[in-house]
J.: 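Quick one: structure below, then a few questions.
Source: prediction; values computed, not measured.
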Amino acid sequence: MVYIEHLGPPIWSTMFLLTGLFLVFAALRSVRFIPAHVLSAGVWAIYGGVILISAVLTEPPVPVVAGTIAMFLSLIHLAVARGCAERGIR
């Protein structure tokens, strides 16, 4: 987590901003719902995975709850993408 944060620009903020904008544009244009939610799920999964892996590697452990919530949000985005696919919404 610390290694990624020290690479330069605020990577997490940029990733969440870009996926949020992609979700907003997909909702406004009524297209690309599934790719928007899959991309957002990927970002949340990477973020949650990094937090959970850093919890194992550091002393004292970082907030495991934040990593668990991020992984849960990833699953929610995948569920929404699956629901859109079943309804025929692309």
Side-chain angles (χ1 to χ4, degrees):
M1 183 69 146
V2 174
Y3 176 74
I4 293 173
E5 289 176 352
H6 288 295
L7 288 177
I11 293 174
W12 297 121
S13 300
T14 305
M15 288 172 55
F16 287 124
L17 177 67
L18 291 176
T19 57
L21 289 173
F22 191 32
L23 285 166
V24 168
F25 288 133
L28 291 175
R29 293 184 177 180
S30 298
V31 294
R32 297 190 182 133
F33 284 114
I34 296 172
H37 281 289
V38 170
L39 179 66
S40 184
V43 170
W44 279 108
I46 291 170
Y47 182 68
V50 167
I51 289 176
L52 292 175
I53 289 171
S54 68
V56 172
L57 300 175
T58 59
E59 278 295 324
V62 297
V64 176
V65 175
T68 306
I69 290 171
M71 296 302 278
F72 180 69
L73 284 171
S74 173
L75 291 174
I76 287 175
H77 278 289
L78 288 176
V80 169
R82 175 75 178 166
C84 288
E86 287 180 0
R87 289 182 181 90
I89 302 170
R90 301 278 174 202

J.: Is there a path of hydrophobic side-chain contacts, each under 4.5 Å between heavy atoms of I, L, V, M, F, W or Y residues, that connects M15 with I69?
T.: yes

J.: Looking at C84 and F33, what are the two nearest heavy atoms and their distance?
T.: SG-CB, 4.1 Å

J.: When clusters are formed by joining ILVMFWY residues with side-chain heavy atoms under 4.5 Å apart, either directly or through shared neighbours, do I11 and V43 land in the same one?
T.: yes

J.: When you group the ILVMFWY residues by side-chain heavy-atom contacts below 4.5 Å and let the links chain together, are F72 and V65 in the same group?
T.: yes

J.: Same cluster or not: L39 versus W12, using hydrophobic residues (I, L, V, M, F, W, Y) connected whenever any side-chain heavy atoms lie under 4.5 Å apart?
T.: no

J.: Rounded at 0.5 Å granularity, tell me how far OG1 in T68 sits from CD1 in I51.
T.: 9.0 Å

J.: Just verifying a value: how many Å separate F25 CZ and R32 CZ, rounded to the nearest 0.5 Å?
T.: 12.0 Å

J.: Does anything in residues 45-54 form a salt bridge (charged side-chain N to carboxylate O under 4.0 Å, His left out)? List the pairs, not counting sequence neighbours.
T.: none

J.: Nearest heavy-atom pair of V38 and A81: which atoms, and what distance?
T.: CG2-CB, 4.1 Å

J.: Compare every heavy atom of G48 with every heavy atom of A70, then report the nearest pair and how far apart it is.
T.: CB-CA, 3.6 Å

J.: Is the distance from the ring center of W44 to that of F16 below 6.0 Å?
T.: yes

J.: Within this structure, what is the CG-OH distance for the pair L52 and Y47, rounded to the nearest 0.5 Å?
T.: 11.0 Å

J.: When the side chains of residues 73-80 are checked against the rest of the protein, which donor-acceptor pairs come out under 3.5 Å, sequence neighbours left out?
T.:
unit_1	atom_1	unit_2	atom_2	d
S74	OG	A41	O	2.9
H77	ND1	H37	ND1	2.9
H77	NE2	S40	OG	3.2

